[in-house]
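Let me begin by presenting the structure, written as structure tokens, before commenting on it.
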Amino acid sequence: MANTVSVDQLANVIMQGLTEYADAQSDMVKQSVKDVSKEVKKEISANAPKRTGAYKKSWATKKTKETSNSLTMTVHSKNRYQIAHLLEHGHAKRGGGRVAAIPHIAPAEEHGATMLQQKIERGLRE
């Protein structure tokens, strides 16, 4: 007598396989987000103005939100956030004129978005 499998049993096996695949891909995406956020932090620190080094060293990553299938990481300046915008975009001088901008956040953010996309595409292919 041949083994018979009902449609319900087959559907359950397929759903279990799809759930396992989705969980594995979700974990891969979350790890990619963590990895890229660390790389963005390094890039910002490397390109940040270095007058005293305190601003450069102030950059950190933190987990902002996590659900079962998503992760939000934030790259921020822990204690020098007040000057991040001024350095990135320049600012007015007291006696007139402007201080030149030193773009270091936007380029790292753009590079990070590209890296994340490539990393996720690579993970999905593997």
Under 3.5 Å donor-acceptor, K56 side chain and T52 backbone: no

Side chain to side chain contact (heavy atoms under 4.5 Å, CB included) partners of A113, counting only residues at least two apart: none

Full working for side-chain contact (heavy atoms from CB on, under 4.5 Å) between K34 and T61: CA-CA 9 Å; K34 287 178 187 177; T61 61; over 6 Å; no

Heavy-atom closest contact (A101 atom, H89 atom, distance): CB-C, 3.4 Å

Residues that, via side-chain heavy atoms closer than 4.5 angstrom, fall in one hydrophobic cluster with V7: none

Hydrophobic cluster identity match, I44 and I83, side-chain contacts under 4.5 Å: yes

Pairing residues for V99 by the side chain to side chain contact (heavy atoms under 4.5 Å, CB included) criterion, not counting sequence neighbours: H91, K93

Interatomic spacing from CD1 in I14 to CG in L10 - rounded to 0.5 Å: 4.0 Å

Any donor-acceptor N/O pair, K65 side chain to K63 backbone, under 3.5 Å: no

All salt bridge (charged side-chain N to carboxylate O under 4.0 Å, His left out) counterparts of K38, not counting sequence neighbours: none

Could you give the side-chain donor-acceptor pairs of residues 114-123 under 3.5 Å, partners two or more places apart or in another chain?
from: T114; atom 1: OG1; to: E110; atom 2: O; distance (Å): 3.2
from: Q117; atom 1: NE2; to: E121; atom 2: OE2; distance (Å): 3.2

Under the side chain to side chain contact (heavy atoms under 4.5 Å, CB included) test, residues paired with S70 that sit two or more places apart: T67

All salt bridge (charged side-chain N to carboxylate O under 4.0 Å, His left out) counterparts of K30, not counting sequence neighbours: E66

Which residues share a side chain to side chain contact (heavy atoms under 4.5 Å, CB included) with Q9, sequence neighbours left out: V5, S6

Set of residues satisfying salt bridge (charged side-chain N to carboxylate O under 4.0 Å, His left out) with respect to K57, sequence neighbours excluded: none

Heavy-atom pair with the smallest gap, counting every atom of S37 and V75: O-CG2, 3.6 Å

Qualifying ring-ring contact (aromatic ring centres under 6.0 Å, His included) pairs, either residue in residues 105-126, two or more places apart: none

Which donor-acceptor pairs under 3.5 Å do side chains of residues 18-27 form with protein atoms, sequence neighbours excluded?
from: T19; atom 1: OG1; to: M15; atom 2: O; distance (Å): 2.8
from: E20; atom 1: OE2; to: Q16; atom 2: NE2; distance (Å): 3.3
from: S26; atom 1: OG; to: S68; atom 2: O; distance (Å): 3.4

With a 3.5 Å cut-off and sequence neighbours excluded, list the donor-acceptor pairs that the side chains of residues 102-109 form with protein atoms.
from: H104; atom 1: ND1; to: E88; atom 2: OE1; distance (Å): 3.3
from: H104; atom 1: ND1; to: I102; atom 2: O; distance (Å): 2.6
from: H104; atom 1: NE2; to: Y55; atom 2: OH; distance (Å): 2.7

Heavy-atom neighbours of R51 CZ exceed 12 at 6.0 Å: no

